[in-house]
Peer 1: 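Below are the structure tokens for one structure; questions will follow.
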2 protein chains.
Amino acid sequence: MTAPRRVIASAVDRLGRAFTIDDLVAEVRALAPSVGIATVYRAVAAMEAAHAVERVGTRDESALYVRCTADGHHHHLVCTGCGLVAHATCPLDDVPPLHGTEGFVVTAHELTLYGLCAGCATEVSPASELPRS
Amino acid sequence: MTAPRRVIASAVDRLGRAFTIDDLVAEVRALAPSVGIATVYRAVAAMEAAHAVERVGTRDESALYVRCTADGHHHHLVCTGCGLVAHATCPLDDVPPLHGTEGFVVTAHELTLYGLCAGCATEVSPASELPRS
DNA sequence: TTACATGCAAAGGATTTGCATCTAC
DNA sequence: GTAGATGCAAATCCTTTGCATGTAA
């Protein structure tokens with residue numbers, strides 16, 4: 001575990017919300033200005049392989065990630081106002097089969113929930129956007 | 001409605017499965033070799049705006065699309081073996097709240113189901129992969 | 001006609017990689 | 001000492017855009 005990796009990991013923790021590589025680079029460089037972009041990309045790839053972060057889509061042509069604190073099968077609830085992320089249990093666990101499957105055997109699914117967090121829900125402007133993919 | 005648009009639309013129909021722009025360009029050029037890549041990108045963007053196709057993720061760094069035949073809110077079931085796509089009703093319609101939301105108001109969700117179609121489920125090798133995002 | 005579609009090539013932008021150097025263990 | 005990490009710059013590759021031309025209505 002090298003110093004840049006430590007800085008990157010703590011930057012992800014400190015962000016506490018969905019982030020792009022650019023977001024993360026900015027956060028990292030606030031503390032360690034010399035860290036290269038390639039290093040951040042490589043660190044995020046490693047964290048993704050280790051299930052420490054998960055890609056939840058795309059924002060402005062860039063990959064969007066969230067820190068994955070929960071173990072096992074779960075999903076993410078992303079606030080479209082501020083990017084805050086919460087974990088949610090899988091609502092499909094209780095849903096038996098699936099309609100319209102036409103002989104399909106479902107082996108996996110991807111689910112991301114979007115909404116407004118308690119803070120953003122009470123604000124005036126419903127905020128702009130966040131993801132796309 | 002120009003000739004290239006017509007060719008592209010029918011190519012999407014003929015594919016009948018999840019496709020990348022490259023897949024579509026190949027299919028289009030089998031019939032109309034002179035069609036430019038930019039035209040395909042523009043046509044797909046128009047079809048996406050018209051809800052005729054939907055982006056369901058990424059495969060090999062390229063956007064992955066499916067043709068959207070159903071109206072209204074629905075999801076897609078993508079065969080990881082052959083890319084065949086089926087439509088599925090939303091299994092979350094029946095699921096009331098959500099656990100672990102911590103004050104979140106859910107306004108939208110993205111769900112894509114993966115599995116094996118009837119044909120691929122009976123084959124020997126479970127096939128490789130398909131999406132990523 | 002008149003606005004929109006097309007094709008080509010160039011541009012843009014995120015992400016990856018080569019390589020020499022450095023660092024953790 | 002050695003494998004892996006780093007940083008820089010160059011390279012990749014998907015996607016978009018400028019522009020002159022073509023085409024549908």
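The chains referred to below are lettered A, B, ... by the order of the sequence lines, with proteins before strands, and numbering in each begins at 1.
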Peer 1: For a quick check of understanding: with a heavy-atom distance under 4.0 Å over all strands, which category does A:A43 fall into, base, sugar-phosphate or nothing?
Peer 2: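 No contact.
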Peer 1: For the atom pair CG (B:L31) and CD1 (B:I8), what is the distance rounded to the nearest 0.5 Å?
Peer 2: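 The CD1 atom of B:I8 is 11.0 Å from CG of B:L31, to the nearest 0.5 Å.
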Peer 1: Can you work out whether B:M1 or B:I37 has the more 5'-proximal nearest nucleotide on DNA chain D?
Peer 2: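 The answer here is B:I37.
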Peer 1: Check the pair B:R14 / B:S10 against side-chain hydrogen bond (donor to acceptor under 3.5 Å, both in side chains), numbers first and verdict last.
Peer 2: CA-CA 6 Å; B:R14 249 178 300 118; B:S10 84; 3.1 Å; yes
Peer 1: Counting just side-chain N and O atoms, does A:T2 come under 4.0 Å of either OP1 or OP2 of C:dT23?
Peer 2: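 So the side chain of A:T2 is outside the cut-off, no N or O lying under 4.0 Å from OP1 or OP2 of C:dT23.
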Peer 1: Using a cut-off of less than 4.0 Å, is there contact between a side-chain N or O of A:Y41 and OP1 or OP2 of C:dT16?
Peer 2: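 It does not, given that no N or O in the side chain of A:Y41 lies less than 4.0 Å from OP1 or OP2 of C:dT16.
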Peer 1: From the options D:dT17, C:dT16, D:dT6, select the nucleotide whose nearest atom is closest to the side chain of A:P4.
Peer 2: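 For the A:P4 side chain, the nearest candidate turns out to be D:dT6.
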Peer 1: Looking only at non-hydrogen atoms, find the nearest pair between A:R67 and A:F19 and report the distance.
Peer 2: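 For A:R67 versus A:F19, the nearest heavy atoms are N-CE2, 4.2 Å.
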Peer 1: Which of these nucleotides, C:dC8, C:dT6, D:dC14, is closest to any side-chain atom of B:T39?
Peer 2: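 For the B:T39 side chain, the nearest candidate turns out to be C:dT6.
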Peer 1: Rounded to the nearest angstrom, tell me the gap between atom CD1 in B:I21 and atom C1' in D:dT16.
Peer 2: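 It works out to 12 Å between those atoms.
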Peer 1: C:dT6 P sits how many Å from B:R6 CZ, rounded?
Peer 2: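 In whole Å, C:dT6 P and B:R6 CZ are 10 Å from each other.
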Peer 1: Ring centres under 6.0 Å, that's the criterion: do A:H87 and A:H75 meet it?
Peer 2: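 Centroid distance A:H87-A:H75: not below 6.0 Å, so no.
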Peer 1: With nearest nucleotide decided by heavy atoms, which residue, B:D22 or A:I8, maps closer to the 5′ end of DNA chain D?
Peer 2: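 The residue mapped nearer the 5' terminus is A:I8.
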Peer 1: To the nearest Å, how far apart are A:R59 CZ and C:dA14 C1'?
Peer 2: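 For the pair A:R59 CZ and C:dA14 C1', the rounded distance is 14 Å.
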Peer 1: Students often get this wrong, so: under 4.0 angstrom with heavy atoms, is B:R5 touching a base, only sugar-phosphate, or nothing?
Peer 2: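 Touches sugar-phosphate only.
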Peer 1: Taking CD from B:E61 and C1' from C:dG13, how many angstroms apart are they, rounded to a whole number?
Peer 2: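 In whole Å, C:dG13 C1' and B:E61 CD are 14 Å from each other.
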Peer 1: Which atom names give the shortest non-hydrogen contact between B:C90 and B:H109, and what distance separates them?
Peer 2: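 That would be SG-NE2, 3.4 Å.
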Peer 1: Please pick, from C:dT15, D:dG7, C:dT17, the nucleotide with the shortest atom-to-atom distance to any side-chain atom of A:S34.
Peer 2: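 Of the candidates, D:dG7 comes closest.
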Peer 1: Taking N and O atoms by type only, does the side chain of B:R42 place a donor or acceptor under 3.5 Å from a partner on the base of C:dG7?
Peer 2: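 Flag set: donor-acceptor pair detected.
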Peer 1: Rounded to the nearest Å, what distance is computed from the CG atom of residue A:D60 to the C1' atom of nucleotide C:dG12?
Peer 2: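 Atom CG in A:D60 sits about 15 Å away from atom C1' in C:dG12.
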